[in-house]
Amino acid sequence: MMLKPFSIRTDIRNTMIGVAIGAVTSVAVLSAPRLFAEGFAVSPVGGVLFAAIPLLAGAMFIQGRRSRARLIAELDRHRETEERLSQAVHTDQLTGIANRFALERDLAAASGEGGEPYRGALLLLDLDRFKFVNDTMGHDAGDQLLVALSRRLTGALRGTASVYRLGGDEFVVLLAGAPSEGKIEDVCDLLKSLFAEPFDLQSGRFWTGASIGVARAEDGDGSMSDMLKQADLALYRAKELPG
């Protein structure tokens, strides 16, 4: 004959535990020779109280477990709310990738690791002809272009670098560690290759390019404002280059 699985509900199990604790407490008190002399008689009121000890203990045990469970559930909800808020604050609402606040957070965290100065590199990428897209094809097309570019960037750089959108058509690629000049050039070449194919927008295909400005943390103080300033100057110099 097959035996059906048997389980006791949590609240019933807790009640049984509380009653058992109360019963043991009652027996221990009644049998303690130092507290009660031989022949001690319990009054009716005392008898009722001692009889009620198991039930009171069970109720207190259940209430304690429920209070702890409510506290744990409340802490879990609070943590989940904080995580959702933090995610919203550090995420670009259009593209879904990290934003300026996330960049500032990550640079600050990287600068504080081990007390050593941050030695990474920041690449500032600016789209070519983005204003033309907005003016001639509409802002919806411009938004589609930004979303498509963010997908190309994150897909190509996954596991290699972190990608952020500063706003408008400006993106940042953050290289951690202490990347060599060769590593930085390789990443720049990879970024340029992402523009070899056109972007498919609802209003049609669009070819564009980008300019890149590079800043190294060791050339300044490693703060976000300092590195963006360096990268912005390098970006303008790149735009002035022929071709």
Checklist entry - Which pairs count as side chain to side chain donor-acceptor pair (under 3.5 Å) when at least one residue sits in residues 183-201, sequence neighbours excluded? => result Asp200-Arg205
Checklist entry - Shared ILVMFWY cluster between Val214 and Tyr236, side chains joined below 4.5 angstrom? => result no
Next on the checklist: My understanding is that only residues two or more places apart in sequence, or in another chain, count here; which of them pass side chain to side chain contact (heavy atoms under 4.5 Å, CB included) with Glu218?
Outcome noted: Arg119, Arg216
Checklist outcome for this item: Taking every heavy atom of Ala217 against every heavy atom of Met227, the minimum-distance pair comes out as N-CE, 3.7 Å
Item to check | Under the side chain to side chain contact (heavy atoms under 4.5 Å, CB included) test, residues paired with Arg151 that sit two or more places apart | outcome: Val147
Next on the checklist: List the residues meeting side chain to side chain contact (heavy atoms under 4.5 Å, CB included) with Ala176, not counting sequence neighbours, and say none if there are none.
Outcome noted: none
Checklist entry - Shortest non-hydrogen contact from Ala231 to Ala215? => result N-CB, 3.6 Å
Item to check | Pairs meeting criterion side chain to side chain donor-acceptor pair (under 3.5 Å) with involvement of residues 153-170, two or more places apart | outcome: Asp92-Arg165, Asp106-Tyr164
Checklist outcome for this item: For residues 222-236, the salt bridge (Lys or Arg N to Asp or Glu O under 4.0 Å) pairs (sequence neighbours left out) are none
Checklist entry - Side-chain heavy atoms under 4.5 angstrom apart, residues restricted to Ile, Leu, Val, Met, Phe, Trp, Tyr: same cluster for Phe171 and Leu191? => result yes
Next on the checklist: Could you measure the distance from the CG atom of Leu145 to the CG atom of Leu149? Nearest 0.5 Å is fine.
Outcome noted: 6.5 Å
Checklist entry - Are any of the side-chain heavy atoms of Leu201 and Asp140 separated by less than 4.5 Å? => result no
Cut-off 3.5 Å, no hydrogens considered: what does the side-chain donor-acceptor table look like for residues 123-139, sequence neighbours left out?
from: Asp126; atom 1: OD2; to: Lys239; atom 2: NZ; distance (Å): 2.7
from: Asp128; atom 1: OD1; to: Ser211; atom 2: OG; distance (Å): 3.4
from: Asp128; atom 1: OD2; to: Ala210; atom 2: N; distance (Å): 3.2
from: Arg129; atom 1: NH1; to: Trp207; atom 2: O; distance (Å): 2.8
from: Lys131; atom 1: NZ; to: Asp135; atom 2: OD2; distance (Å): 2.7
from: Thr136; atom 1: OG1; to: Phe132; atom 2: O; distance (Å): 2.6

Next on the checklist: Applying a strict under-4.5 Å side-chain criterion to I, L, V, M, F, W and Y, I'd like to know whether Val187 and Ile212 cluster together.
Outcome noted: yes
Checklist entry - Would Leu157 end up clustered with Phe199 when hydrophobic side chains under 4.5 Å apart are linked, directly or stepwise? => result yes
Item to check | Taking every non-hydrogen atom, the tightest pair across Ala156 and Leu194 | outcome: CB-CD2, 3.7 Å
Item to check | Where Leu175 and Ala161 come nearest, the two heavy atoms and their spacing | outcome: CD2-CB, 3.4 Å
Item to check | Under the salt bridge (charged side-chain N to carboxylate O under 4.0 Å, His left out) test, residues paired with Arg100 that sit two or more places apart | outcome: none
Checklist entry - Do you know which two heavy atoms are closest between Ala98 and Ala102, and how far apart they sit? => result CB-CB, 3.7 Å
Checklist entry - What are the two closest non-hydrogen atoms of Phe101 and Val89, and how far apart are they? => result CD1-O, 3.6 Å
Checklist entry - Do Leu235 and Leu153 share a hydrophobic cluster, counting only Ile, Leu, Val, Met, Phe, Trp and Tyr and linking them when any side-chain heavy atoms are less than 4.5 Å apart? => result no
Next on the checklist: Quick check for you: to the nearest 0.5 Å, what is the distance between Leu166 atom CG and Met224 atom CE?
Outcome noted: 7.5 Å
